[in-house]
**Student:** 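Sharing a structure here in structure tokens format.
Just so you know, ligand 1 is whichever comes first in the structure, and atom 1 is the first atom listed for that ligand. Given the structure is predicted, the values throughout are model-derived calculations rather than measurements.
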Amino acid sequence: MNARAPKGTSDMLPDVARAWEHLQRVAQELFALYGYEPVYTPLFEHTDVFTRGIGEATDIVSKEMYTFEDKGGRSITLRPEGTASVVRASLEHNLTANGAQAKLYYAGPMFRYERPQKGRMRQFWQIGIECLGAPEPTADAEVITVLWRYFESLGIPSTNMRLLLNSMGDEACRPAYRDTIASFIRGHAADLCDECSRRADTNPLRAFDCKDPACREVMAGAPLLRDELCEECATHYAAVKAHLDALDIPYIEDSTLVRGLDYYTRTVFEVQVDAGLGSQNAIGGGGRYDRLMQEYGGPATPGLGFALGFERTLLALEAAGVQIPAVPRAEVFVARVDDSVTAEVFALSQRLRDAGVAAELDHQARSLKSQFKQADRLGARLVVIVGPEELAAGEVTLRDMSTKEEKRLALDSATADVIAALGEEGTD
Ligand code: HAM
């Protein structure tokens, strides 16, 4: 048996799991200010939710999906991202019927069969929001602001981040632009990598995303969609920028930002960082997808959102020197002097926990000295020492771990006294 986690996956051990919970907590608090509600969709869907939604010609669908036939003969795929599932669920449950707006957020694992490297996993964790039913450019500016403020609230300095912004046009202006780029690629096929040459027939705009230096040089000379947007898209894009300007959100226009999913229309954006990440420098990104629900057979329903990657965000936080706040595992440690007081130690620990105090006790018959060490390791601010002599007098000893001061407490009122002592300490 291979006792290692599969390639491209990792166990979230307590330190990392705590960071994941911290990122979710910060997200919940921030997203609530904008009216977002939680949603949980299945980790797997019928495969066509993704092939239709994300697009057959994307890398995700053509190369990276975990697809299998279940025992009932259905083609099932582990979700490579959250947007397609949220839109499918909103359609299934009529969340946007009669013009209603739905604001939903999610957090959980996604699966892509990619070549693992720093910041690129096969199972990775995303936090995302989707805003459905909102066509106005204020919605674009709001969603982008939420992403920016989120990274700021985590403590990533804005000088470490770059917010890239582009408009991908819509069904009125993008087809002609696609053809223009396809012709451009055919005209420069000799100087482009094989994959980019093939993209002329499959997904020409993705050639902007190729990492090959030769391709980048050629594509730098390609016509830009910015110059060929239809009037409606140009007006929408200008309004999004004006709303961002009004909030001082520092975006950089990047006409080559095309993103790896076919569902986008109009606004797309990405937050990148340099420190701590190699080539996988996008910590979050998103955009508008006004045609996605129609793609699933539903009514025309505008939508937009973003997702951010947990692993990459964590790398960016580490690089910025941001500490994830540590949660002490115990506020109080109840130590025993010898075995004769075990029952009292056990009962007192439980009384403290019932009163809402994080309390720990020794389950390993350690010496008093090692119990103090253990109390320190757990972050306990107070130790209650229970010994046979004090107990005989109906008392216990309270030790302050930072000052090392000790005082006697009556056993009967020990829970209330400990809570009071914790309160006093907290007000320093
Ligand atoms: P995405 O750009 O494919 O967009 O992924 C969003 C974020 O997930 C990336 O910026 C990155 O931080 C993280 N990520 C993606 N792939 C990996 C990987 N293999 N390993 C680690 N992290 C990864 C979406 O998924 C869209 N659903 C975003 C969206 C929401 N658009 C509209 N609404």
Side-chain angles (χ1 to χ4, degrees), residues 7-10 12 16 20 23 31 36 39 41 45 49-50 53-55 58-61 63-66 78-88 90 102-132 134 139-140 142-144 146-147 150-151 154 156 161-164 166 168 206 209 257-273 276-293 302-317:
K7 188 172 174 187
T9 71
S10 63
M12 261 204 216
V16 179
W20 168 238
L23 261 64
F31 299 170
Y36 282 86
V39 66
T41 60
E45 297 274 353
V49 168
F50 303 119
I54 299 170
T58 58
D59 283 356
I60 296 180
V61 170
K63 303 183 199 160
E64 298 169 0
M65 294 208 304
Y66 280 90
L78 298 185
R79 63 181 188 188
E81 56 107 49
T83 311
S85 305
V86 170
V87 171
R88 192 269 311 140
S90 302
K103 286 180 134 182
L104 302 165
Y105 77 84
Y106 50 90
M110 308 292 161
F111 307 87
R112 297 184 193 175
Y113 192 79
E114 294 199 75
R115 201 162 41 77
Q117 63 180 78
K118 190 173 190 185
R120 192 164 69 192
M121 307 286 291
R122 290 183 174 168
Q123 175 176 317
F124 57 98
W125 299 69
Q126 277 189 349
I127 296 178
I129 67 175
E130 309 297 345
C131 174
L132 300 172
D140 306 54
E142 184 179 282
V143 164
I144 293 169
V146 178
L147 182 61
Y150 178 72
F151 290 130
L154 284 178
I156 304 178
M161 302 188 282
R162 205 169 35 244
L163 169 62
L164 304 181
N166 191 21
M168 305 274 298
R206 290 294 293 165
D209 231 17
L257 179 71
V258 290
R259 313 240 327 117
L261 304 111
D262 276 358
Y263 49 58
Y264 290 120
T265 47
R266 296 191 168 167
T267 314
V268 288
F269 52 92
E270 202 161 274
V271 175
Q272 301 182 347
V273 293
L277 289 118
S279 55
Q280 304 307 312
N281 62 353
I283 53 176
R288 182 171 272 288
Y289 44 81
D290 290 345
R291 296 184 57 79
L292 184 52
M293 200 177 277
L304 71 167
F306 68 68
L308 58 101
F310 165 66
E311 291 80 2
R312 292 186 199 176
T313 303
L314 200 56
L315 289 169
L317 286 170

**Student:** Should you measure from each heavy atom of Ile283, which atoms of ligand 1 turn up under 4.0 Å away?
**Tutor:**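 That gives atoms 10 (O), 12 (O) of ligand 1.
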**Student:** Can you list the ligand 1 atoms lying under 4.0 Å from a non-hydrogen atom of Gly284?
**Tutor:**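 Once the distances to Gly284 are compared, the set is 10 (O).
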**Student:** Run down the list Phe306, Tyr264, Tyr106 and name the one with the heavy atom closest to atom 31 (N) of ligand 1.
**Tutor:**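 Heavy atom nearest to atom 31 (N) of ligand 1 belongs to Tyr264.
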**Student:** I'd like to check whether Thr83 has a polar contact with ligand 1, where a contact means an N/O of the residue lying under 3.5 Å from an N/O of the ligand.
**Tutor:**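 It does: an N or O of Thr83 is found under 3.5 Å from an N or O of ligand 1.
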**Student:** Return the closest protein heavy atom for atom 33 (N) of ligand 1 as residue, atom name and distance.
**Tutor:**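 The protein heavy atom lying closest is Glu130 OE1, 2.8 Å.
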**Student:** Between Leu261 and ligand 1, which part of the residue brings a heavy atom under 4.0 Å of the ligand: side chain, backbone, both or neither?
**Tutor:**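 Looking at Leu261 and ligand 1, just side chain atoms fall under 4.0 Å.
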**Student:** Would you check whether Gln126 has a nitrogen or oxygen atom less than 3.5 angstrom from a nitrogen or oxygen atom of ligand 1?
**Tutor:**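 Yes: some nitrogen or oxygen of Gln126 is under 3.5 Å from one in ligand 1.
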**Student:** Report yes if Ala282 has an N/O atom closer than 3.5 Å to an N/O atom of ligand 1; otherwise report no.
**Tutor:**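 Among all N and O atoms of Ala282, at least one is under 3.5 Å from an N or O of ligand 1.
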**Student:** Looking at Glu114, which atoms of ligand 1 are within less than 4.0 Å of one of its heavy atoms?
**Tutor:**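 Selected atoms, number and element: 16 (N), 18 (C), 19 (N).
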**Student:** Can you check whether Gln272's main-chain N or O pairs, donor with acceptor, with Arg162's side chain at less than 3.5 Å?
**Tutor:**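 A pair under 3.5 Å: no.
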**Student:** By number and element, which atoms of ligand 1 are closer than 4.0 Å to a non-hydrogen atom of Gly287?
**Tutor:**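 Matching atoms, with element in brackets: 31 (N), 32 (C).
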**Student:** Identify the closest protein heavy atom to atom 20 (N) of ligand 1: which residue and atom is it, and at what distance?
**Tutor:**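 Of the protein heavy atoms, Met121 N, 2.9 Å lies nearest.
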**Student:** Looking at non-hydrogen atoms alone, which of Arg112, Gln280, Glu270 comes nearest to atom 16 (N) of ligand 1?
**Tutor:**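 Going through Arg112, Gln280, Glu270 one by one, Arg112 has the nearest heavy atom to atom 16 (N) of ligand 1.
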**Student:** Quick test of your reading of the structure: of Glu81, Arg259, Arg115, whose heavy atom lies closest to atom 1 (P) of ligand 1?
**Tutor:**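 Among Glu81, Arg259, Arg115, the closest heavy atom to atom 1 (P) of ligand 1 belongs to Arg259.
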**Student:** Which of these passes side chain to side chain contact (heavy atoms under 4.5 Å, CB included) with Arg312: Ile283, Val273, Asn281, Val271?
**Tutor:**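 Going through the options one by one, the only one that passes is Ile283.
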**Student:** If you measure from each heavy atom of Gly260 to ligand 1, is any distance below 4.0 Å?
**Tutor:**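 No, that is not the case, since the closest heavy atom of the residue is not under 4.0 Å from the ligand.
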**Student:** Under 3.5 Å between some N or O of ligand 1 and some N or O of Ala307?
**Tutor:**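 Checking ligand 1 against Ala307, no N or O pair falls under 3.5 Å apart.
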**Student:** Measuring from atom 21 (C) of ligand 1, which candidate in Ala316, Gly286, Gly119 has the nearest non-hydrogen atom?
**Tutor:**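 The nearest heavy atom belongs to Gly119.
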**Student:** Going by distance only, is there an N or O of Ile60 that falls short of 3.5 Å from an N or O of ligand 1?
**Tutor:**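 No, no N or O pair falls under 3.5 Å.
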**Student:** May I ask you to identify the nearest protein heavy atom to atom 13 (C) of ligand 1, giving residue, atom name and distance to one decimal place in Å?
**Tutor:**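 Going by distance alone, atom 13 (C) of ligand 1 is nearest to Gly309 CA, 3.6 Å.
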**Student:** Show which atoms of ligand 1 fall inside a sub-4.0 Å distance from at least one heavy-atom site of Gly305.
**Tutor:**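 Once the distances to Gly305 are compared, the set is 30 (C), 31 (N), 32 (C), 33 (N).
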**Student:** Could you tell me the residue and atom name of the protein heavy atom closest to atom 14 (N) of ligand 1, and the distance to it rounded to 0.1 Å?
**Tutor:**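 The closest heavy atom on the protein side is Phe124 CE1, 3.5 Å.
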